[in-house]
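Written out below as structure tokens is the structure these notes cover.
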2 protein chains.
Amino acid sequence: MRILLVEDEAEMAAALSSALKRYDMVVDHAPTLADAEEAICADVHVAILLDRQLPDGDGLKLIPKLRARADGVPIIVLTARGELADRIAGLDSGADDYLAKPFAVEELLARLRAVLRRPAGLSPDVIRAGRLVFDLGHREASIDGQPFELPRRELLVLEALIRRMGRTVLRTALEEAVYNFDDEIQSNALDTHISRLRRKLADANAGVEIHGIRGVGYLLKKLP
Amino acid sequence: MRILLVEDEAEMAAALSSALKRYDMVVDHAPTLADAEEAICADVHVAILLDRQLPDGDGLKLIPKLRARADGVPIIVLTARGELADRIAGLDSGADDYLAKPFAVEELLARLRAVLRRPAGLSPDVIRAGRLVFDLGHREASIDGQPFELPRRELLVLEALIRRMGRTVLRTALEEAVYNFDDEIQSNALDTHISRLRRKLADANAGVEIHGIRGVGYLLKKLP
DNA sequence: GGCGCATCATTGCGGCAGCATTGCGGGAAC
DNA sequence: GTTCCCGCAATGCTGCCGCAATGATGCGCC
């Protein structure tokens, strides 16, 4: 883990450096804003500790540039100014945390751990098939980022098929996926949905097609 | 935006609740660990404020259960215990931030903003859509720099929609975003808000429109 | 290969569930 | 007291979806 420490006071910098190293972190030290800007180009740091009072300006000025890169490197602002207004300014400027000097190194480490723990998987469960993307959580399909709107029943059919992408889905299973016990179906309503869905997939050039298997069911397959 | 407040002291809870509501947030209140556990099952909160001293145990015990779900809901721990060891324990247990009582409400709000900004990491604090600009941090909309004032519920609807700009928002998700557990709705109140919001967006020539998807939900899309 | 049956595919149509909109009144905020 | 948000109910309307009729495609059997 490589940390960028932006701090001009040599004594403070040395103390933090050694503390962090003791916890097996690799520390790069930048004493000025200019140094910091250069350092972040390398883009190798997992977190940034940022002092506000620097010889060439307020450390907060660095934050927009970091955020512009949109890589989400967490930033902890360190500062002597502990007043409420300053702390709010620090947090609102885009920092992830704010620590007023003097602070205990243990607390800094704890906050660092908290901030690093964060990128915890927010992986939405989506299934890709051809040019089609199906978001199971939000119950929506899209093609090239454009929403692919479908009526409810057709969406249910597509969901059931895409969940078993490339494998056959029994006709009975599809019916169960689309209808509940209360609904009594005495027609070829399911076929209707399949048909309409087929047309929409083709029209949208989704890159998949619904393949029927006589006497068994259906399956969704990618187009060559 | 819907927040879960886990706090047993009625006075404290009421104060925080009203402060949060003043910032147009929807607050669910859980006075005990048991209540909190029940509440988190609904999985509708964007952040959790967690007191440690609860009648049925230490609030920190809740954190592993939340993390097990791996949905990354940020947690801010509130506590009277301000000693260093406690703060470190709080952060290391998986909380995203730690605030010692007494604290200024402004600071809590600032930390909340910081913590909510994050899951995006890459998503900015303001979202632009058409001529509409929505500032997530300050919870306000504007058009061409002119404030676009909306009543509370309509603002919540717009926020939920704009956060998923161009993608569908389930009807249930909208209801969850706008109402808390206590509110019991037995009508088409949500439709009413949508309708009124539509009119205001059109009147203000906002450059976006709310598109309904029958049986599924809504989505916000840019006008051509 | 020809024939027939069973299953599937497609399309038009009509009923109705769900949605959009509006006016009204209670009630909260100031 | 006044303002305005917001839930509620009534109304009209859109379009989904079930239905049935017709055509197309396998599959077996002779």
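Only this structure's heavy atoms are used, side chains among them; waters, hydrogens and symmetry mates stay out. The sequence lines fix the lettering, A, B, ..., with proteins before strands; numbering per chain opens at 1.
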Rounding to a whole Å, what distance do you find between A/Leu174:CG and C/dA9:P?
11 Å
Interatomic distance where NZ belongs to B/Lys200 and C1' belongs to C/dA20 [whole Å]:
16 Å
Please state how far atom CZ in A/Arg196 lies from atom P in C/dC13, giving the value in whole angstrom units.
13 Å
Every protein N/O within reach of nucleotides 20-23 of chain D N/O, cut-off under 3.5 Å:
from	atom 1	to	atom 2	distance (Å)
D/dA20	N7	A/Asn188	OD1	3.3
D/dA20	N6	A/Asn188	OD1	3.3
D/dA20	N6	A/Asn188	ND2	3.4
D/dA21	N6	A/Asn188	ND2	3.2

Close residues, residues 208-219 of chain A, relative to DNA chain C [heavy-atom separation under 4.0 Å]
A/Arg214, A/Gly215, A/Tyr218
CD1 of A/Ile194 versus P of D/dG18: gap in Å, rounded?
13 Å
Sequence neighbours left out, what pairs pass salt bridge (charged side-chain N to carboxylate O under 4.0 Å, His left out) with at least one residue falling in residues 212-224 of chain B?
none
Of all residues at least two apart in sequence or in a different chain, which pass the salt bridge (Lys or Arg N to Asp or Glu O under 4.0 Å) check with B/Arg164?
A/Glu140
Euclidean distance, B/Leu132 CG relative to B/Leu201 CG, rounded to 0.5 Å:
6.5 Å
Taking the side chain as every heavy atom from C-beta outward, state whether B/Tyr179 and B/Val26 have any pair of such atoms under 4.5 Å apart.
no
Check the phosphate of C/dT21 against B/Ser195, side-chain N and O only, distance under 4.0 Å to OP1 or OP2. Yes or no?
yes
Side-chain N or O of B/His193 versus OP1/OP2 of D/dC5: is the shortest distance under 4.0 Å?
no
Which part of the nucleic acid, if any, lies within contact of B/Arg198, taking any heavy atom under 4.0 Å across all strands shown: a base, the sugar-phosphate backbone alone, or nothing?
sugar-phosphate
Mind listing the side-chain donor-acceptor pairs of residues 152-161 of chain B below 3.5 Å, one per line with the distance, residues two or more places apart or on another chain?
from	atom 1	to	atom 2	distance (Å)
B/Arg152	NH1	B/Met25	O	3.3
B/Glu154	OE1	B/Lys200	NZ	2.9
B/Glu154	OE2	B/Lys200	NZ	3.3
B/Glu159	OE1	B/Arg139	NH2	2.2
B/Glu159	OE2	B/Arg139	NH2	3.2
B/Glu159	OE2	B/Arg163	NE	3.2
B/Glu159	OE2	B/Arg163	NH2	3.2

Considering residues, nucleotides and ligands other than B/Arg199, do more than 12 of their heavy atoms fall under 6.0 Å from its CZ?
no
Would you mind telling me which of B/Val6, B/Ile75, B/Leu20, B/Leu99 makes a side-chain contact (heavy atoms from CB on, under 4.5 Å) with B/Leu49?
B/Leu20
Nucleic acid contacts of residues 147-169 of chain A, taken as heavy-atom distances under 4.0 Å to DNA chain C
none
Would you say A/Tyr179 places a side-chain N or O within less than 4.0 Å of OP1 or OP2 belonging to D/dG18?
yes
Just by distance, do the side chain of B/Arg2 and the backbone of B/Glu176 share a donor-acceptor pair under 3.5 Å?
yes
Using whole Å, report how far CG of A/Leu190 lies from P of C/dT7.
15 Å
Would a distance-only check, ignoring hydrogens and angles, find a side-chain to backbone donor-acceptor pair under 3.5 Å from A/Asn188 to A/Asp191?
no
Looking only at heavy atoms, the pair that brings B/Asp35 and B/Ala30 closest together is CB-CB, 3.7 Å
Quick check for you: to the nearest 0.5 Å, what is the distance between B/Asp56 atom CG and B/Asp8 atom CG?
9.0 Å
If you assign each of A/Arg199 and B/Arg171 to its closest nucleotide in DNA chain C, which residue comes earlier from the 5' end?
A/Arg199
